[in-house]
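Have a look at the structure below before the remarks.
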Amino acid sequence: MATLHPVILVVNAGSSSVKVSVYMVPDSAHDNADIQPALAAHGQIEGIGVAPRLVARMADGRTVADESFPVEQIADHDAAFRLIRLTLSIGLRDTPPVAIGHRVVHGGADFSDAVRIDDAVIDKLEALVPLAPLHQPHNLTAIRAIRRAVPDLLQVACFDTAFHAGHDPLAQLMALPYEYYERGIRRYGFHGLSYAYIARQLGQVAPDVADGRVIVAHLGNGASLCAMRGGKSVESTMGLTALDGMPMGTRCGSIDPGAVLWLAAQGMSADEIQSMLYGQSGLKGISGISSDMRALLASDALRARLAVDFYAYRAAQEIGKLAVTLGGLDALVFTAGIGANSPQVRARICAQLTGLFGIVIDDVANNANQQRVSHGNSRVPVWALQTDEEGMIALSTARILRDNGGL
Ligand code: ADP
């Protein structure tokens, strides 16, 4: 067996957090065998600029850091990244990374796969900032900071949009004047790293349906659904931005654009509307209690129930819509924080799919969060699978590293 030692870092820089995962790859991966990176450690700082908190753990569960810091000590993403690196390097006896893989939310029309980062790629990603104003700038900050510090280190961008790049123009269009489509105002779809991972997983746990018509519901803080045929994405509920489709923790999902015009006519600025649609809507907005599904499921408040009912209703509706695109349904997969872990939410969604698809949940399997949660009589099998977006980034980065002679 190959010894595990070259290190790949996976960096996920969000608006107020930086997450870094350390993967080891086999050093003999220069043949064509599939590379399987192994997670060695994970560190994250949340609350940057507000109440920074560092948590770092080795893959064996050992905690190497769990502490809060004064705001001024970790004032920005740069400082957060340096501290996580330092903390993890102690646990890993300072093995320097051979490559860094970044989660980048928007690859626009140019990128249909992970790509090695150079100045031209950075320019293209910069041009996409207006399409993902809350995520893309932080992704770029991390890329630039590392490039300044270690200019020769291989950096790879892995996109949330890339898995959807093959969509038919019908799935990309919005009925605006056509010139906007040509200018890139089109439906891209997101959560592609999660869907790519699930497509791979499904090939292993359910090879009989993996090549068929599959709908995957990624239900986390952000939420979207993807229709796949033959393991490839053909439609997504998310569009130009990560606001479209399902209602989410704090995002509104699809709403009548007339509502946005109404808010603007009331005198709200574009920034105020943006912050309402991204941060004050969805489960949080309806319930007035929390964006966290666990808190809502535990609450007796009427509006908490309304929020969960609406969430399940909209998810079921989107599944119906995607099944039209697929011309039927061979399997339904739930994933991400809510999808993989919440029997109640899965049961509520699936209860609305019995009439149309003959879906029947097996209560015992569902309540135990088993992988297959549907009953033997269910016309369409239903799965609950954990996703691993960071593992997917590590794999793409390792492949590009190998193709560049780095392994
Ligand atoms: P992100 O999109 O930030 O990666 P996650 O995929 O971790 O988020 O999903 C977070 C959501 O998952 C939260 O709403 C949380 O309440 C929910 N969640 C996690 N575990 C459970 C559970 N056991 N039951 C219900 N909801 C859960």
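Computed over heavy atoms, backbone and side chain alike; hydrogens, waters and symmetry mates excluded. Atoms within a ligand are numbered from 1 in the order they appear, just like the ligands themselves. In this text the structure is predicted, and so the values were computed from the model without any measurement.
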**Request:** Compute the centroid of each ring, for His164 and then for Tyr195, and state whether the two points are separated by less than 6.0 Å.
**Result:** yes
Protein contact of [atom] - nearest heavy atom, named by residue and atom, plus distance:
{"atom": "atom 23 (N) of ligand 1", "value": "Asn341 O, 3.2 Å"}
{"atom": "atom 2 (O) of ligand 1", "value": "Asn221 N, 3.0 Å"}
{"atom": "atom 17 (C) of ligand 1", "value": "Ile338 CG1, 3.5 Å"}
{"atom": "atom 14 (O) of ligand 1", "value": "Met293 N, 3.1 Å"}
{"atom": "atom 16 (O) of ligand 1", "value": "Asp292 OD1, 2.4 Å"}

**Asked** Among side-chain atoms of Thr161 and His106, is any donor-acceptor pair under 3.5 angstrom?
**Response**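 Note: Thr161 and His106 side chains miss the donor-acceptor criterion.
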**Asked** Looking only at side chains, do Thr141 and His77 share a donor and an acceptor under 3.5 Å apart?
**Response** no
**Asked** For Gly337, is at least one N or O under 3.5 Å away from an N or O on ligand 1?
**Response**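 Looking only at distances, the answer is yes, because the N/O contact criterion of under 3.5 Å is met.
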**Prompt:** Can you find an N or O of Leu219 that's nearer than 3.5 Å to an N or O of ligand 1?
**Reply:**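 Checking ligand 1 against Leu219, no N or O pair falls under 3.5 Å apart.
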Less than 4.0 angstrom from a charged side-chain N to a carboxylate O is my criterion; do [X] and [Y] meet it?
{"X": "Arg53", "Y": "Asp66", "value": "yes"}
{"X": "Asp362", "Y": "Arg372", "value": "no"}
{"X": "Arg103", "Y": "Glu390", "value": "no"}

**Request:** Using atom types as modelled and distance alone, determine if a side-chain donor or acceptor of Thr354 lies under 3.5 Å from a backbone N or O of Ile359.
**Result:**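 It does hold such a pair.
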**Prompt:** Within the side chain of Tyr23, is there an N or O that forms a donor-acceptor pair under 3.5 Å with the backbone of Gly391?
**Reply:** yes
Under 4.0 Å from a heavy atom of [X]: which atoms of ligand 1 are those, numbered in the order shown and with their elements?
{"X": "Ala336", "answer": "6 (O)"}
{"X": "Ser342", "answer": "24 (N), 25 (C)"}
{"X": "Gly222", "answer": "2 (O)"}

**Message:** Could you check whether atom 4 (O) of ligand 1 has a protein contact, counting only heavy atoms that fall below 4.0 angstrom?
**Reply:**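 No, because not a single protein heavy atom sits under 4.0 Å from atom 4 (O) of ligand 1.
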**Item:** For atom 27 (C) of ligand 1, the option (of Arg346, Arg294, His218, Gln344) bearing the nearest heavy atom
**Value:**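 It is Arg294 whose heavy atom sits nearest to atom 27 (C) of ligand 1.
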